[in-house]
Amino acid sequence: MTNPYAGIVEPLDPERPDHKFYNLSMLKDDRYGRLPFSVRVLLEAALRNCDEFLVKKSDVENILNWKETQKKSVEVPFRPARVILQDFTGVPAVVDFAAMRDAVKKLGGDPEKINPVCPADLVIDHSIQVDFNRKQVTAHIQGHRDGLHMLKYSSWGSQAFKKMRIIPPGSGIVHQVNLEYLARVVFEQDGLYYPDSLVGTDSHTTMIDGLGVLGWGVGGIEAEAVMLGQPISMVLPEVIGYRMVGIPDKLITSTDIVLTVTKHLRQVGVVGKFVEFFGEGVAQLSIADRATIANMCPEYGATAAFFPVDNVSIKYLEQTGRDADKLEYIEKYLKKVGMFRDYRDKSQDPDFTEVVEMDLTTVVPCCSGPKRPQDKVAVTDMKKDFEACLGAKQGFKGFGVAPEKHSNCVNFAYNGTEFSLTHGSVVIAAITSCTNTSNPSVMLGAGLLAKKAVEAGLSVKPYIKTSLSPGSGVVTYYLKESGVMFYLAQLGFEVVGYGCMTCIGNSGPLPEPVVEAITKGDLVVTGVLSGNRNFEGRVHPNTRANYLASPPLVIAYAIAGTVCIDFEKEPLAVNASGKEIFLRDIWPTREEIQDVEREFVIPAMFKEVYEKIEKGNERWSNLKASSDKLYSWDPNSTYIKSPPFFDGLTRELLPPRSIMNAHVLLNLGDSVTTDHISPAGNIARNSSAARYLSKRGLSPRDFNSYGSRRGNDAVMARGTFANIRLFNKFVGKQGPQTLHLPSGEMMDVFDAAEKYQQDGVPLLVLAGKEYGSGSSRDWAAKGPFLLGIKAVLAESYERIHRSNLVGMGIIPLEYLPGETAETLGLTGRERFNIIIPELLVPRMKVTIQLDTEKTFQACMRFDTDVELTYFRHGGILNYMIRKMIQQ
């Protein structure tokens with residue numbers, strides 16, 4: 001069908017009549033000029049893709065009428081311009097596509113119909129681990145005997161699937177590569193201009209919002225559907241206007257600002273909403289600063305954190321080496337469609353659902369921790385806050401250490417020298433993560449601080465695991481050219497590779513004497529990292545406290561060797577001359593940092609680094625992959641395995657059935673993260689996954705991480721709920737075990753699930769608030785599916801994880817308002833019947849019957865008709881297979 005809005009298509013430039021755009025000003029509708037800029041992007045996409053089938057005129061009207069429809073839970077479709085993947089979720093996506101091709105063929109269809117129609121980029125950045133520090137190392141996966149099989153598989157995917165591009169390992173962190181290289185800001189495709197937009201399989205995809213490109217994280221399963229041409233079905237969001245005013249103090253970093261914003265917006269409550277920044281304060285922020293704030297959007301709970309394009313955005317594109325002709329049409333197009341901002345012009349301020357304000361003059365230096373990114377702590381309060389947490393009841397701000405053990409001190413020898421560890425000792429200090437390593441101001445600030453520290457005679461204790469993992473080669477370039485890399489290396493912060501590393505849990509092993517000292521004293525030692533996630537058990541199993549901090553503060557705490565320090569009153573250290581050196585003595589000023597940035601962060605660097613990015617290193621270039629359209633699975637590979645998701649799939653749609661006589665596999669509390677459900681870090685030697693790998697001839701040093709083995713369902717199913725910090729009420733202490741109710745035996749979660757499946761017993765998980773918070777991980781839904789979990793009953797869900805559960809056909813049930821497991825008297829030892837009626841509607845109530853004869857109701861969190869369709873098919877991918885066969 002012809003697009004009903006074809007009449008508003010016209011050339012952007014009369015001299016290039018074949019290059020056109022949808023001119024939204026020709027709608028001649030006053031409502032358009034009052035829409036938030038982020039909603040204008042949604043409107044343009046709906047209007048351009050309107051076919052009266054997947055996208056209807058009524059959808060366009062609903063978006064245009066946002067001021068009235070925003071609070072009515074109106075469902076609209078969104079077709080993003082592209083998809084971005086990282087390897088933790090990207091490699092499994094390619095595995096799923098390969099398995100889907102096999103399934104389509106078995107059902108008599110054309111397997112090549114399983115092919116991306118939406119452009120997709122896969123950046124391999126999460127499978128890199130810090131095995132060694134204080135020396136240069138390469139990607140962890142290159143050191144393992146079949147790790148290259150995963151890379152070879154990725155290479156096959158780029159050849160077998162159209163519109164899929166692979167960015168090889170060692171190139172940088174996905175979000176920084178997206179910001180510096182992949183982002184178009186405005187697409188020019190088939191003679192048509194339109195706004196760049198995307199969804200990504202990482203929750204921090206929102207970092208690109210800082211450049212004015214609307215994007216957010218979705219589940220890996222949902223992203224696969226988008227790649228196959230399915231629009232995202234979303235509830236039209238409320239948009240919170242976040243006005244920034246004032247000028248920050250000259251000692252404040254962008255990290256301090258983002259941690260303050262995170263705490264503020266957590267208090268405001270922005271879950272499921274867009275946040276759009278405006279006000280004169282925004283005009284003073286660089287794109288790197290805006291991207292840092294947008295990056296931590298998942299930590300404050302919003303769906304997107306949008307900074308509309310302005311002159312600063314255009315200058316950034318110029319600085320990062322984008323072509324001049326592209327810059328010209330980008331600015332011209334955005335001005336034509338009313339998507340170009342002047343933050344100082346209040347007349348451009350649109351309507352918002354609500355407006356909140358931050359005065360940048362009130363921001364103080366801060367960190368966040370010890371267990372959650374939203375728990376901001378002013379640097380001046382760090383010492384007393386940690387000491388308070390030490391003895392507080394076990395929880396987000398407590399470790400439950402008995403008072404008589406607060407002064408525990410353990411001596412140990414390392415490389416022939418005696419050292420001691422106490423509570424609060426720093427054992428990991430990592431400049432890492434997409435949040436900060438993309439920002440020249442904080443990276444150069446760290447370098448200048450290191451220079452002053454070395455010149456003052458300061459050093460970092462050798463047992464502290466220091467590392468520097470930049471977001472791209474550009475960072476290394478300007479750190480070297482400015483002369484600060486030498487000083488960073490002197491303190492142990494050498495480049496260990498390009499990837500997420502410590503932030504994602506790939507911190508690698510600590511020295512054995514350090515681990516022994518921690519264990520002997522039962523010490524709460526700390527990791528300090530410039531990341532965005534510090535959930536318990538994520539950074540390293542032995543660091544029970546972890547703090548997020550700016551790169552300069554990471555170095556400062558590394559030099560101090562402890563977080564139990566008041567920088568205002570206590571010196572960082574005493575140098576060889578006996579002089580006390582305070583943090584204020586070596587902290588660089590904003591002016592110093594800006595002078596160095598102006599001189600050394602130049603377009604030529606970006607062009608040189610990114611000209612060769614898709615070629616990769618010699619090892620990548622020499623990989624030979626099959627050109628077959630169907631993948632030839634290697635039965636000996638422990639990295640890539642054909643998943644069983646489509647075993648038994650029929651062409652015909654079967655009606656949904658009630659869940660009868662289900663047992664509870666796990667009884668969990670609040671804030672169970674995707675790290676608890678599907679950990680990314682090391683595979684413990686005593687785990688179910690370790691036993692599986694050992695039987696296949698691998699030694700512990702070759703186990704690698706769960707993250708790197710996400711293409712193998714057998715490993716990932718065994719890794720589900722395998723986090724050592726998981727607290728299961730059945731067990732009463734932290735650990736990856738549960739109670740097998742029929743036998744009364746305590747065992748690993750996987751082993752219990754396997755017993756239940758052998759007996760044909762469906763499973764349920766009970767949970768509290770914010771179930772599935774944290775990183776976007778499709779395996780946090782795929783793993784439970786393989787364990788036989790049919791439903792989760794929780795008080796609330798994190799947005800992306802709920803979507804992933806829906807994508808795998810798992811029912812997300814939510815207690816009714818005012819009800820919890822406690823108020824209903826649930827112990828988890830009951831057997832559950834969940835009655836699923838024939839007629840299903842979004843957010844309907846369903847009846848749950850217990851074997852105790854108690855009955856109650858819960859909300860079935862299928863929020864849209866599309867989600868119900870996925871459920872009827874047993875998940876998104878089953879739906880797509882049946883759809884492809886019918887075409």
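Keep in mind that this is a model prediction, so the values were computed, not measured.
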Chemist: Do the charged groups of Asp256 and Lys376 touch, with an N to O distance under 4.0 Å?
Modeler: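 So Asp256 does not pair with Lys376 through a salt bridge.
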
Chemist: Report yes if the distance between the aromatic ring centroids of His264 and Tyr242 is under 6.0 Å, otherwise no.
Modeler: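 Yes, ring centres under 6.0 Å apart.
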
Chemist: Going through the distances and angles, do Thr432 and Ile173 end up as a side chain to side chain contact (heavy atoms under 4.5 Å, CB included)?
Modeler: CA-CA 10 Å; Thr432 182; Ile173 298 174; 5.5 Å; no

Chemist: Does the Lys NZ or Arg CZ of Lys480 fall within the cation-pi geometry relative to Phe600 - under 6.0 Å from the ring centre and within 45° of the axis?
Modeler: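 No.
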
Chemist: Mark yes or no for whether Asn408, through its side chain, and Gly521, through its backbone, hold a donor-acceptor pair below 3.5 Å.
Modeler: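 Side chain of Asn408 to backbone of Gly521: a pair is present.
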
Chemist: Is the backbone of Glu592 close enough, under 3.5 Å, to the side chain of Asp595 for a donor and an acceptor to pair up by distance?
Modeler: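 No, because the side chain of Asp595 does not come within donor-acceptor range (under 3.5 Å) of the backbone of Glu592.
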
Chemist: To the nearest 0.5 Å, tell me how far Phe493 CZ sits from Met485 CE.
Modeler: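 Separation between the atoms: 12.5 Å.
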
Chemist: I'd like to know if the side chain of Lys520 reaches the main chain of Asn411, judged simply by a donor and an acceptor atom lying under 3.5 Å from each other, with no hydrogens or angles considered.
Modeler: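 No, Lys520 side chain to Asn411 backbone: no donor-acceptor pair under 3.5 Å.
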
Chemist: Has Thr466 got a side-chain atom pairing as donor or acceptor with Ala429's backbone, closer than 3.5 angstrom?
Modeler: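 Side chain of Thr466 to backbone of Ala429, a donor-acceptor pair under 3.5 Å: no, none is there.
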
Chemist: Count the heavy atoms of every other residue, nucleotide or ligand shown that sit under 6.0 Å from CD of Glu591, and state whether that count exceeds 12.
Modeler: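 Atom CD in Glu591 is packed in, count exceeds 12.
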
Chemist: Is it the case that the ring center of Phe412 lies less than 6.0 angstrom away from the ring center of Tyr463?
Modeler: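 Between Tyr463 and Phe412, the centre distance is under 6.0 Å.
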
Chemist: If you apply the rule side chain to side chain donor-acceptor pair (under 3.5 Å), what do you find for Ser773 with Ser671, and how did you get there?
Modeler: CA-CA 6 Å; Ser773 56; Ser671 295; 5.1 Å; no

Chemist: Does Lys371 use its side chain to pair, donor to acceptor, with the backbone of Gly398 at less than 3.5 Å?
Modeler: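 Judged by distance alone, yes, a pair lies under 3.5 Å.
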
Chemist: Who pairs with Arg725 by salt bridge (Lys or Arg N to Asp or Glu O under 4.0 Å), at least two apart in sequence or on another chain?
Modeler: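 Residues passing salt bridge (Lys or Arg N to Asp or Glu O under 4.0 Å) with Arg725: none at all.
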
Chemist: So His540 and Val427, do their side chains get closer than 4.5 Å, heavy atoms only?
Modeler: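 Answer no - side chains too far apart.
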
Chemist: Which pair of heavy atoms, one from Ala413 and one from Pro513, lies closest together, and at what distance?
Modeler: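 In this case the closest contact between Ala413 and Pro513 is O-CB, 3.5 Å.
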
Chemist: For this output row, return yes or no: ring centroids of Tyr478 and Phe606 closer than 6.0 angstrom.
Modeler: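 Distance test on ring centres: not under 6.0 Å, no.
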
Chemist: Within the 4.5 Å heavy-atom criterion, are Val177 and Tyr610 side-chain neighbours or not?
Modeler: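 Yes - at least one pair of side-chain heavy atoms lies under 4.5 Å apart.
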
Chemist: So do the side chains of Thr255 and Ser530 get within less than 4.5 Å of each other, counting heavy atoms only?
Modeler: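 No. Closest side-chain heavy atoms not under 4.5 Å.
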
Chemist: Using the rule given for side chain to side chain contact (heavy atoms under 4.5 Å, CB included), can you reason through Glu299 versus Leu259, listing the C-alpha separation, both sets of side-chain angles and the distance that settles it, and then say yes or no?
Modeler: CA-CA 9 Å; Glu299 281 65 50; Leu259 294 179; over 6 Å; no

Chemist: Would you sort out whether Phe277 and Leu285 count as a side chain to side chain contact (heavy atoms under 4.5 Å, CB included), showing the intermediate values?
Modeler: CA-CA 11 Å; Phe277 294 84; Leu285 300 177; over 6 Å; no

Chemist: Could you please spell out the steps behind the side chain to side chain contact (heavy atoms under 4.5 Å, CB included) verdict for Met382 and Phe567?
Modeler: CA-CA 9 Å; Met382 272 287 280; Phe567 287 132; over 6 Å; no

Chemist: For the side chain of His423 and the backbone of Lys405, is there at least one donor-acceptor N/O pair under 3.5 Å apart?
Modeler: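 Yes, because the side chain of His423 sits within donor-acceptor range (under 3.5 Å) of the backbone of Lys405.
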
Chemist: For Arg266 and Gly301, indicate whether the former's side chain and the latter's backbone hold a donor-acceptor pair under 3.5 Å.
Modeler: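 Not a single qualifying donor-acceptor pair exists.
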
Chemist: Work out which heavy atom in Leu553 is nearest to a heavy atom in Ala549; give both atom names and the distance.
Modeler: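 Closest pair (atom of Leu553, atom of Ala549, distance): CB-CB, 3.9 Å.
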
Chemist: Are the side chains of Pro365 and Ile252 in contact, using a 4.5 Å heavy-atom criterion?
Modeler: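 Contact flag for Ile252/Pro365 side chains = yes.
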
Chemist: Roughly how far, to the nearest 0.5 Å, is OH of Tyr414 from NZ of Lys461?
Modeler: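 Those atoms lie 14.0 Å apart.
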
Chemist: Do Thr362 and Asp359 meet the criterion of a side-chain donor-acceptor pair at a distance under 3.5 Å?
Modeler: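 Side-chain D/A pair, Thr362 to Asp359: absent.
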
Chemist: Closer than 3.5 angstrom, by distance alone: can the side chain of Thr562 be matched with the main-chain N or O of Gly424 as a donor-acceptor pair?
Modeler: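 Yes.
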
Chemist: If only atom types and distance count, is the side chain of Gln284 paired as donor or acceptor with the main-chain N or O of Gly246 below 3.5 Å?
Modeler: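 The answer is yes, because a donor-acceptor pair under 3.5 Å joins these two groups.
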
Chemist: Report the residue from Asp209, Val312, Leu211 that forms a side-chain contact (heavy atoms from CB on, under 4.5 Å) with Arg290.
Modeler: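 The passing option is Val312.
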
Chemist: Determine which pairs satisfy salt bridge (Lys or Arg N to Asp or Glu O under 4.0 Å) with at least one residue from residues 377-401, sequence neighbours left out, and list them in order.
Modeler: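 Of all non-adjacent pairs touching residues 377-401, those that pass salt bridge (Lys or Arg N to Asp or Glu O under 4.0 Å) are Asp381-Lys384, Lys383-Glu570, Asp385-Lys397.
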
Chemist: CD of Glu608 to CD1 of Ile602: how many Å apart, nearest 0.5 Å?
Modeler: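 Glu608 CD to Ile602 CD1: 9.5 Å, rounded to 0.5 Å.
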
Chemist: Let's go through Asp289 and Ser286 carefully: what are the C-alpha distance in whole Å and the side-chain angles of both, what is the deciding distance for side chain to side chain donor-acceptor pair (under 3.5 Å) to 0.1 Å, and is it a yes or a no?
Modeler: CA-CA 5 Å; Asp289 290 341; Ser286 67; 3.3 Å; yes

Chemist: Do other residues, nucleotides or ligands put more than 12 heavy atoms under 6.0 Å from the CZ atom of Arg598?
Modeler: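 More than 12 within 6.0 Å, yes.
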
Chemist: Is a donor from one side chain sitting under 3.5 angstrom from an acceptor on the other, for Thr292 and Asn295?
Modeler: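 There is no such pair between these side chains.
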
Chemist: More than 12 non-hydrogen atoms from neighbouring residues, nucleotides or ligands closer than 6.0 Å to CD on Gln394, yes or no?
Modeler: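 Correct, the count exceeds 12.
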
Chemist: Return the minimal non-hydrogen interatomic distance between Ala430 and Val554, and the atom names on each side.
Modeler: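 In terms of heavy atoms, the two residues are closest at N-CG1, 3.7 Å.
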
Chemist: Is a side-chain donor or acceptor of Thr526 paired with a backbone partner of Ser425 at a separation under 3.5 angstrom?
Modeler: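 At least one qualifying donor-acceptor pair exists.
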
